[in-house]
Protein chains: 2
Amino acid sequence: MSDEHTRRARTVTRADVARYAGVSTAVVSYVLNDGPKPVAPLTRERVLDAVKVLGYRPNAAARALSKGSSDMFGMLVVDSRNPFFAQLCHALGEAAAQDGRTLLIVNTDREHTTAADQIHDLTARQIGGLIIADLLTAAEQALVENLGIPVVLINQYAGAVGVPALGADFRDGARRAVEHLVGHGYRSIAFIGSASIFDDRERGWGDALTAAGLPLGARIHAPFSYEGGYQAGIELADAAERPRAAFAASDQVAVGLLAALHARGLRVPEDVAVVSFDGTDAAEYACPPLTTTAQPMAEMAREAIRLLQAGDAEPGYRAFPTALVVRRSCGCE
Amino acid sequence: MSDEHTRRARTVTRADVARYAGVSTAVVSYVLNDGPKPVAPLTRERVLDAVKVLGYRPNAAARALSKGSSDMFGMLVVDSRNPFFAQLCHALGEAAAQDGRTLLIVNTDREHTTAADQIHDLTARQIGGLIIADLLTAAEQALVENLGIPVVLINQYAGAVGVPALGADFRDGARRAVEHLVGHGYRSIAFIGSASIFDDRERGWGDALTAAGLPLGARIHAPFSYEGGYQAGIELADAAERPRAAFAASDQVAVGLLAALHARGLRVPEDVAVVSFDGTDAAEYACPPLTTTAQPMAEMAREAIRLLQAGDAEPGYRAFPTALVVRRSCGCE
DNA sequence: CTGAAAGCGCTTACAG
DNA sequence: CTGAAAGCGCTTACAG
């Protein structure tokens, strides 16, 4: 232990290892990288022993320079504080680590910089691949399609893109969430969520209503934030004809919504029933506990990493099925 | 735009820039790094122009190899999904970016690896500094003290260490939170939080009680998680002599606590009043909204980055004052 | 199976 | 103020 400490100051290099093991530096690389050349078992042992004794750690910068690619994957996300993205980033970090990769996460909600800038910055760091959890402009799409490294878009809605993309089946998930509400007998069910025409959750909400022969209820567009949900909740609570139930497009929005309803003295689910989307931890401890549409975050994370590792994945969209987690906010129990 | 794209494939290097500008590669470095040598204004212009025209981005790996240090700062955190750490990491990323640095965040809650391993991995990446938001063992302390790069510990409790450390004034913050509860007239006030003897929040709770001539109330030790808070809440709710109020050592624990109290049919603050600690966004949208002790996350983040940049900061602890944010869970309004 | 050597793209003394 | 050149620590054809 203390050996290792004193030694680290002078930085052990591959040359030291080679000298100690009595081999060339090339051979050290061969054993550490398992190739590209075979190494005799005994030589291999000597090298591994030298590595251990000297406490050698390969210099990642040198490796990245030499290979033209580091073992890091870049990750672009709007705001890693958002509980859903926090969990998604964590799952991606896990999946990456399992493949010996490290995630470099960058938030795009920063001022004085653009997504394009951040992508360029990331590529200048020689990242081996890039994951983007954000909606891209046409210019940004063109940029990532020609980046020269694997790119995968995550948390995406269906739609054609020039790179592999994946996301939960938003439309189907929303439809089933609303069907559940319909099953409770509620006949006026509001939608609270993004104004983006790409977001299929609003369509799924409409699907369920239409299939049940119900009119489309109120539609409140709100940003994906606590505050967005809160404002929407106030609007909903104060509406002349208050909906009997609401589908919230994210857990965070739903938590904001609950706060607003409580502030207005409304009970959930007795006055307004709620079902949300995401399946974050926070939903379980909301009050009341939220019935929510769980996204398979770990699976999506693993698939995203797999696509990056493959490197030559087909462009196109992959939908992941969701699962309704029933708790009390919808009126069950 | 499309120029830049087609060009990126072949990777523009500093040599290309030098050739285009009609100078040596050294001069390109001098202008890009503002030193170490002065450059004539006109030469400088030519270089900057070449950089722009060619869409040149310095290779970070080459730079890190050459300098022996990258522009990344490493960050070790138990679990970046925890709302408090999510906000802290975000603030640190902001502060780092403002200084032209990038944060590489690593979670220590991973299996099959140790904090020491992760620290070594980070240093092998040539990080320019390391921030640790975790309690260290003696061995880990010895390790970071001899790392050869600036290290700062954050979210720490007071105590002597061989490196700069900072954290909210836990004891004072907890004391004031509990004083607020005392001010409401509650005479039995429980503590819900960490079992760690390093965590001064329990001491602060005791300070306030003692100062008010009140006996120490129930003390429920729980892990820092929703579930930890929930279990503690069940225990509290079912106690033979249920406390009239509780101080929760984190917002996340408090949210779990609220869920348990509601599950037991108890009202907050009417049956049990609650004050918590952290000041995360989630506290504002809890039900009822949580009165909480806000940590100055942005300030602490900026200071941590500043200490890293300084490089030669004095070891020792820096306490940051907290601020009580009054909302409804304590009984106010 | 092993080694000598070129090369990755920077930085920075050293010399002019 | 500018440049030629060594060096950072790896990887990987190329030769043996």
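By convention in this document, chain letters (A, B, ...) are assigned in the order of the sequence lines, proteins followed by strands, and residues within each chain are numbered from 1. Reckoned from all heavy atoms, side chains included, excluding hydrogens, waters and symmetry mates.
Side-chain contact between A:R302 and A:E299 is present, with heavy atoms from C-beta onward closer than 4.5 Å. No side-chain heavy atom of B:R63 sits less than 4.5 Å from a side-chain heavy atom of B:D71.
The ring-ring contact (aromatic ring centres under 6.0 Å, His included) analysis of residues 122-158 of chain B, with sequence neighbours excluded, yields the pairs B:Y157-B:F170.
Checking the phosphate oxygens (OP1, OP2) of C:dG9, no side-chain nitrogen or oxygen of B:T13 falls inside 4.0 Å. A close approach under 4.0 Å does not occur between any side-chain nitrogen or oxygen of A:N59 and OP1 or OP2 of D:dC8. In this model, the phosphate group of C:dC10 is not approached by any side-chain N or O of B:S29 to a distance below 4.0 Å at OP1 or OP2. In this structure, A:S24 reaches the C:dG3 phosphate: one of its side-chain N or O atoms is under 4.0 Å from OP1 or OP2. Between B:R63 and C:dG9, a side-chain N or O to OP1/OP2 separation shorter than 4.0 Å is absent.
Under the Watson-Crick and G-U wobble criteria, each requiring two contacts below 3.5 Å, nucleotide D:dA15 is paired to C:dT2.
For B:Y56, the side-chain atoms get nearest to C:dC10 when compared with the rest of D:dA4, C:dC10, D:dC10.
Between D:dG16 and D:dT12, the distance separating the two C1' atoms is 16 Å to the nearest Å.
With rounding to whole Å, B:N33 atom CG is found 16 Å from D:dT2 atom P. If you take CZ of A:R57 and P of D:dC10, they are 13 Å apart, rounded to a whole angstrom. For the pair B:Q126 CD and D:dG7 P, the computed distance is 19 Å after rounding to whole Å. In this structure, the CZ atom of A:R14 is 13 Å from the C1' atom of C:dC8, given to the nearest Å. Atoms CG (A:L32) and C1' (D:dT11) sit 12 Å apart, rounded to a whole Å. Atom CZ in B:R19 sits about 13 Å away from atom C1' in C:dG9, given to the nearest Å. Look at CG on B:L65: it is 12 Å from C1' on D:dT11, rounded to the nearest Å. Taking atom NZ on A:K67 and atom C1' on D:dA13, their separation rounds to 14 Å, with Å as the unit.
The two residues A:R318 and A:A313 make their nearest non-hydrogen contact at NH2-CB, 4.2 Å. Contact between A:S80 and A:A86 at its shortest, heavy atoms only, is O-CB, 3.3 Å. When all heavy atoms are compared, the tightest approach of B:P296 to B:F320 is CG-CB, 3.7 Å.
Base engagement by A:A26 is indicated by at least one non-hydrogen atom pair under 4.0 Å involving a base atom.
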Report the C-alpha distance between B:R19 and B:D16 in whole Å, list the side-chain angles of each, state the deciding distance to 0.1 Å, and finish with yes or no for salt bridge (Lys or Arg N to Asp or Glu O under 4.0 Å). CA-CA 5 Å; B:R19 197 172 309 120; B:D16 298 318; 3.1 Å; yes

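Under the side-chain contact (heavy atoms from CB on, under 4.5 Å) test applied with A:V161, the options A:V151, A:L153, A:V144, A:L136 reduce to a single match, A:L153.
Contact annotation: side chain of B:S66 to base of D:dG7, donor-acceptor pair present below 3.5 Å.
Positionally, the nearest nucleotide of DNA chain C for A:R44 lies more toward the 5' end than for the other of A:T25 and A:R44.
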So which protein N/O to nucleotides 14-16 of chain C N/O distances come out below 3.5 Å?
| from | atom 1 | to | atom 2 | distance (Å) |
| --- | --- | --- | --- | --- |
| C:dC14 | N4 | B:K37 | NZ | 2.4 |

